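What you see is a predicted model; the values in this text were computed from it and never measured.
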Amino acid sequence: MDGFVTHRIEGVDVDIEVVPAAAQGFAARFRVGGNGTDEAERHVVHVTQGPFATEAEAEEAAKSAALGWILSHGEPRH
């Protein structure tokens, strides 16, 4: 299992992983959509700007970026 945790945002599954940033702090990455069988959508990983001082800040940034992606691209097809 990878380090992604699934969240539900606007009815869409979003996997978020918070990782240590290279120099200091934290960064986050996320992948949007798919239902476990839609591997074409699941492999696309987006990275948030950072680094952030805390893991919580990085996670919130990823949620916000994912919401922006969902609103601009629409719900992924299953």
Side-chain angles (χ1 to χ4, degrees):
M1 170 141 184
D2 56 20
F4 286 88
V5 175
T6 302
H7 299 268
R8 196 90 171 138
I9 300 175
E10 293 290 315
V12 177
D13 286 338
V14 176
D15 298 331
I16 296 175
E17 181 180 35
V18 176
V19 295
Q24 65 181 10
F26 298 90
R29 50 191 171 197
F30 66 94
R31 56 190 179 202
V32 178
N35 60 5
T37 60
D38 188 0
E39 292 301 319
E41 288 290 328
R42 302 292 289 174
H43 80 280
V44 178
V45 175
H46 309 274
V47 179
T48 61
Q49 299 294 322
F52 299 93
T54 68
E55 291 181 43
E57 289 176 355
E59 182 177 6
E60 286 303 313
K63 287 178 181 178
S64 178
L67 176 60
W69 190 96
I70 291 165
L71 293 176
S72 67
H73 291 86
E75 182 176 346
R77 297 178 188 189
H78 296 284

Of all heavy-atom pairs between [X] and [Y], which one has the smallest distance, and what is that distance?
{"X": "Pro51", "Y": "Ala21", "result": "CB-CB, 3.6 Å"}
{"X": "Thr6", "Y": "Asp15", "result": "OG1-OD1, 2.6 Å"}
{"X": "Phe52", "Y": "Ala61", "result": "CZ-CB, 3.3 Å"}

Between the main-chain N or O of Ala28 and the side-chain N or O of Thr48, is there a donor-acceptor pair closer than 3.5 Å?
-> yes

Might you work through the side chain to side chain contact (heavy atoms under 4.5 Å, CB included) test for Lys63 and Val14, ending with a clear yes or no?
-> CA-CA 8 Å; Lys63 287 178 181 178; Val14 176; over 6 Å; no

Quick one: pull up NE2 in His7 and CD1 in Ile16 and give me the separation to the nearest 0.5 Å.
-> 4.0 Å

Between Asp13 and Arg8, is a side chain to side chain contact (heavy atoms under 4.5 Å, CB included) present by the stated rule, with each step listed?
-> CA-CA 5 Å; Asp13 286 338; Arg8 196 90 171 138; 2.8 Å; yes

Hey, could you give me each pair passing ring-ring contact (aromatic ring centres under 6.0 Å, His included) that has a residue in residues 12-31? Not counting sequence neighbours.
-> Phe30-His46

Residues two or more places apart in sequence or in another chain: which of them pass side-chain contact (heavy atoms from CB on, under 4.5 Å) with Val19?
-> Glu17, Ala27, Arg29

Partners passing salt bridge (Lys or Arg N to Asp or Glu O under 4.0 Å) against Glu55 (at least two apart in sequence or in another chain) = none

